[in-house]
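First comes the structure, then the notes that go with it.
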Amino acid sequence: MDRYDAKTIEARWQRVWEDAQAFHVPNPEPGAPADDTHWYQLEMLPYPSGNGMHMGHVLNYTMGDVITHVRRRSGWAVVRPMGWDAFGLPAENAAIREGGHPREITERNIATIRAQMKRLGWAIDWDREVSSHDPGYYRWTQWLFLKFFEHGLAYRKEAPVNWCPNDQTVIANEYIVDGHCERCGALVELRNMTQWFFRTTAYADELLEFELPPGGEWPERTKTIQRNWIGRSEGAEILFRVDELGIDIPVFTTRADTLFGATFFVVAPEHPFVEAHASEEAQAYARHAGARRAEDRAAETEKTGVFTGHHVTNPVNGERLPIWVADYVLMDYGTGAIMAVPAHDERDREFADTFGLPVVEVIDEHGRLLNSERFDGLPARDGARAIVALLAEQGRGETTVSYRLRDWSFSRQRYWGCPIPIVHCERCGLVAVPEDELPVLLPEIEDYQPKGKPPLASNEEWMRVSCPGCGGDARRDPDTMDTFVDSSWYFLRYVDPHNGHAPFDRDVVDYWLPVSQYIGGIDHATGHLLYSRFFVKALNDFGMLGFREPFARLFHQGWVQMGGTKMSKTKGNVMGPDDLVAEYGADATRLCILFLGPADQDMEWTDAGVEGIVRFLRRLWRVVHEVAERAPADVPVEGPLARKANATIAKVSDDIVRRFQFHTPISAVMELVHELSDDPGGPAARFAAETAVSLIQPYAPHIAEELWQTLGHERLWQQPWPVADEAQLVQETFELVVQVNGKVRDRFHAEVGLSEDELVELAKTSPRVRAHIDGAQVRKTIVVPRKLVNFVVG
RNA sequence: GCCGGGGUGGCGAAACUGGUCAGACGCGCCCGACUUAAAAUCGGGUGGCCCUCGGGCCGUGCGGGUUCGAGCCCCGCCCCCGGCACCA
């Protein structure tokens with residue numbers, strides 16, 4: 001018997017798999033009948049960072065690998081692709097810092113990570129590899145953008161946008177954490193700029209609907225995060241008239257029932273009313289307040305504001321309410337103006353107290369209206385409905401819905417991204433680049449340094465173009481797209497990666513998608529996962545695909561932490577797989593990361609467990625070789641060891657497929673190997689050894705393949721996943737637990753076929769039970785078939 | 001404040017539908033075998049307290065409840081993690 005030498009056998013089997021194209025899965029032939037045994041296994045595509053992979057990636061992709069192997073061997077056609085989220089700031093910043101071209105840096109990083117992935121032996125169909133920076137890919141990103149543009153779902157507008165002063169670019173709401181740029185940590189500023197937006201708000205209600213296919217399932221917390229982010233509130237829009245100016249100001253309220261309690265009126269500093277009509281003093285306040293960040297405004301303990309010099313009329317009772325400007329009212333929610341009801345709103349109350357404004361109660365302690373004229377006595381809900389109905393008759397109000405969700409600003413003032421295929425023409429306006437001129441190639445430039453304007457704008461030769469509409473002089477759009485545009489559709493390209501005449505073929509995506517199982521971090525809950533759903537719903541409405549959700553089942557792996565915090569480059573606690581793989585091999589590394597704990601929980605990385613895993617692999621190696629030499633062939637497969645093997649098959653399959661639990665199967669196989677090593681020459685030893693090897697294959701495919709050969713077989717990766725022999729799972733005897741008053745007093749081996757009465761009689765034969773029931777009155781006897789007998793005495 | 005997820009040995013954890021003295025599997029620790037010795041390897045032990053060595057009592061964040069029986073269900077708390085938040 002040779003020593004277990006991970007390095008040698010891993011290299012050998014990886015070569016075999018590659019030569020055999022073991023994990024290549026072709027698309028079905030056109031017109032092939034639909035089947036329900038295909039599986040799309042997807043993990044979030046990696047950003048090709050200069051650090052290579054960290055253990056979080058290893059966890060993520062190994063989990064996907066285990067599912068892939070089990071499904072494949074259970075008879076499913078499993079597509080399991082890989083690709084690269086290749087555009088983005090880090091490579092561009094590295095190019096500025098260290099010289100070189102972002103493309104070279106990115107492609108070098110891709111090569112490193114691809115090599116790491118191959119070294120780990122993951123069952124990836126490399127024929128489907130795509131990269132977002134490849135013109136063959138971003139041509140279709142541009143093409144899809146134009147579809148959104150044609151449908152009015154991509155548009156330009158001037159708006160206050162989040163500007164990162166460090167990265168010198170606009171960033172999306174979704175990637176701002178506590179007012180700071182998620183990527184570089186700089187304090188984000190608000191700037192008024194003309195930017196590109198996707199009209200995600202047009203899909204707000206649909207994004208609240210999780211239109212998952214049968215069997216689909218998303219974690220509750222992720223749905224909650226998305227619902228909170230979309231922030232739907234039902235209410236009413238009510239028009240308040242400024243009589244002296246002859247204009248109306250609309251407000252949004254969820255509490256129309258409190259309309260009689262409105263005692264003043266407030267507009268946001270940015271509200272157009274202020275600049276047009278407010279007093280000098282109010283305008284000065286607004287200029288000052290509007291320049292402050294929302295966080296600072298929120299942190300302010302004392303309410304501030306200024307009377308504008310005008311009044312509105314309450315449409316329900318004709319009362320004149322003073323219009324104030326105050327920074328506690330936000331321009332980007334509702335209409336930017338509110339009716340203030342200090343009796344029933346904490347913030348309005350604070351404001352009223354500060355400025356000595358009146359407070360009128362209109363809801364009593366039973367939740368009924370008062371001081372509300374003919375509506376008095378109505379429950380709040382009905383009151384709101386009745387008041388809005390009345391206003392609607394007068395054309396002064398209507399029920400409406402407001403959302404927290406904003407449109408997705410996706411133009412970026414940086415170089416390393418997908419160019420926006422739009423031409424700006426003085427005569428024709430925004431003109432789409434014709435389809436046959438795609439892709440608009442990202443030009444080569446020398447200077448990526450951000451200077452407040454996009455680097456592409458400095459490239460005169462590239463910028464100057466003739467208008468596709470009128471042929472006159474025009475200019476290209478110098479912004480590039482947010483990388484989250486690239487990743488909002490990559491899962492569609494994966495299944496049809498070589499398509500030269502369309503981003504994807506509808507039949508092909510309809511065959512494979514929605515993704516059967518998606519695995520990735522919950523940090524993308526309000527970003528990538530929401531954007532991808534928006535894309536798919538829109539593309540469905542364009543008639544390009546036949547489903548409305550991209551991901552049927554979603555799973556979030558926990559963070560792999562070091563020193564109690566998430567691994568990150570800035571914290572310097574990034575740990576990759578390379579050292580571990582070099583010392584112990586890919587199989588040990590894969591087992592290690594999955595054995596760490598439940599995959600959906602955060603876990604502290606430690607290599608303490610490596611010893612246990614390596615011991616297990618060595619024991620497996622030794623025992624299987626012993627079995628191969630000593631165990632008789634063709635013995636009838638029964639007895640305790642055979643039963644254990646069958647139970648292990650059932651446990652491992654159920655844990656992986658149904659429970660999505662990856663660490664307990666390893667324990668189960670360890671138990672089986674322990675029992676096997678007690679008698680490796682005995683009956684059923686060969687069956688037990690084959691079972692152990694077969695079950696560990698998804699986790700440790702190399703050693704499994706090698707030992708499968710030791711046992712005289714070939715091509716384990718193609719062998720059917722074991723199925724437990726039901727007959728073996730049904731035991732002839734079981735352990736009968738006998739309790740008195742719920743406390744275990746004795747245990748028996750009993751036959752499965754015994755009746756309840758027989759079980760009770762058997763239980764009564766125990767002297768240890770008799771000691772507790774003799775002389776006492778048995779008031780009740782509980783019999784749980786195949787489990788226990790419980791005497792209740794007293 | 002609103003919403004979601006959690007609290008089990010020295011540590012990571014298991015216990016799937018309320019039913020096998022709760023703690024599988026692994027780490028660590030202790031003991032033993034091999035060795036001149038150590039390392040490596042292999043085997044055994046390992047929740048706490050008490051013990052006349054038969055066993056007894058206690059134990060899943062805290063307090064109650066339901067049940068023959070609760071880590072699991074219900075009520076009330078405490079603590080931790082995450083999302084939203086001057087959102088009208």
Side-chain angles (χ1 to χ4, degrees), chain A residues 219-233 235 251-255 258 266 268 294-295 297-301 303 326-330 332-341 344-348 350-351 402-404 522-523 525-526 556 558-559 591-592 595-598 600-613 615-616 618-619 622 651 654-655 658-659 661 663-671 673-674 677 734-748 768 778-794:
Chain A
E220 210 43 56
R221 58 179 172 146
T222 314
K223 292 200 261 186
T224 303
I225 290 171
Q226 291 203 350
R227 289 193 191 110
N228 285 344
W229 185 258
I230 293 165
R232 182 181 207 271
S233 2
V251 304
F252 173 75
T253 180
T254 53
R255 296 295 308 276
T258 64
V266 189
E295 285 73 24
R297 280 163 61 165
E300 196 70 59
T301 46
K303 290 271 181 292
D327 68 0
Y328 81 94
V329 173
L330 308 174
D332 64 355
Y333 184 77
T335 62
I338 62 156
M339 60 178 216
V341 185
H344 305 289
D345 183 285
E346 227 176 279
R347 298 149 301 174
D348 296 344
E350 246 179 82
F351 194 85
S402 192
Y403 301 91
R404 211 197 72 92
I522 196 167
D523 50 330
T526 57
H556 299 298
W559 297 119
L591 281 163
C592 242
F595 196 57
L596 216 50
D600 58 350
Q601 246 173 55
D602 290 354
M603 47 198 113
E604 176 71 18
W605 168 255
T606 163
D607 55 10
V610 179
E611 293 301 327
I613 291 296
R615 257 173 231 157
F616 163 66
R618 280 203 282 253
R619 177 184 295 126
R622 194 176 59 241
K651 159 90 178 154
D654 188 55
D655 279 359
R658 183 179 65 85
R659 300 181 66 208
Q661 193 163 286
H663 58 139
T664 43
I666 302 173
S667 305
V669 175
M670 284 174 169
E671 283 184 56
V673 172
H674 268 293
S677 62
F734 69 97
E735 198 165 25
L736 176 71
V737 172
V738 185
Q739 300 177 336
V740 179
N741 286 345
K743 281 197 182 259
V744 177
R745 294 302 176 186
D746 206 351
R747 289 139 48 108
F748 289 94
R768 299 168 61 177
V778 177
R779 287 189 308 156
K780 200 168 174 185
T781 304
I782 315 279
V783 181
V784 181
R786 289 196 196 174
K787 291 237 162 86
L788 58 79
V789 173
N790 185 17
F791 296 107
V792 184
V793 302

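Throughout, protein chains are lettered first and strands after them, A, B, ... in sequence-line order, and every chain is numbered starting at 1.
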Problem set entry | Any N/O donor-acceptor pair, R404(A) side-chain to rC84(B) base, under 3.5 Å | no
Problem set entry | Out of rU41(B), rG4(B), rC16(B), whichever nucleotide has its closest atom nearest the side chain of R659(A) | rC16(B)
For this session: Convert the base pairs of RNA chain B into dot-bracket notation, remembering that pairs crossing earlier ones are written with [ ] and that bases paired across to another strand are shown as |; include only Watson-Crick or G-U pairs under 3.5 Å.
Result: (((((((..(((......[.....)))((((((.......))))))((((....))))..(((((..]....))))))))))))....
For this session: Taking only the side-chain heavy atoms of Q601(A) (C-beta and beyond), determine which of rG12(B), rA13(B), rC27(B) contains the nearest atom.
Result: rA13(B)
Exercise. Considering residues at least two apart in sequence or located in another chain, which fulfil the side chain to side chain contact (heavy atoms under 4.5 Å, CB included) criterion with A668(A)?
Worked result: T648(A), K651(A), V652(A)
Exercise. Out of rC25(B), rC3(B), rA14(B), which has the shortest distance to the side chain of T664(A)?
Worked result: rA14(B)
Problem set entry | N/O donor-acceptor pair, side chain N228(A) with base rC84(B), under 3.5 angstrom | no
Problem set entry | P gap between rC25(B) and rA37(B), integer Å | 32 Å
Seminar exercise, completed: Testing rG4(B), rC87(B), rA40(B) for proximity to the side chain of R618(A), the answer is rA40(B)
Exercise. For rG9(B), is chi within 90° of 0 (syn) or not (anti)?
Worked result: syn
Exercise. Where does the angle between the aromatic ring planes of F252(A) and Y333(A) fall among parallel (under 30°), tilted (30 to 60°) and perpendicular (over 60°)?
Worked result: perpendicular
Exercise. D348(A) near the nucleic acid: base, sugar-phosphate alone, or nothing, with a heavy-atom cut-off under 4.0 Å?
Worked result: nothing
Exercise. Reckon T781(A) touches a base, only the sugar-phosphate, or nothing at all at heavy-atom distances under 4.0 Å?
Worked result: nothing
For this session: Indicate syn or anti for rG55(B), taking the glycosidic torsion and treating anything within 90° of 0 as syn.
Result: anti
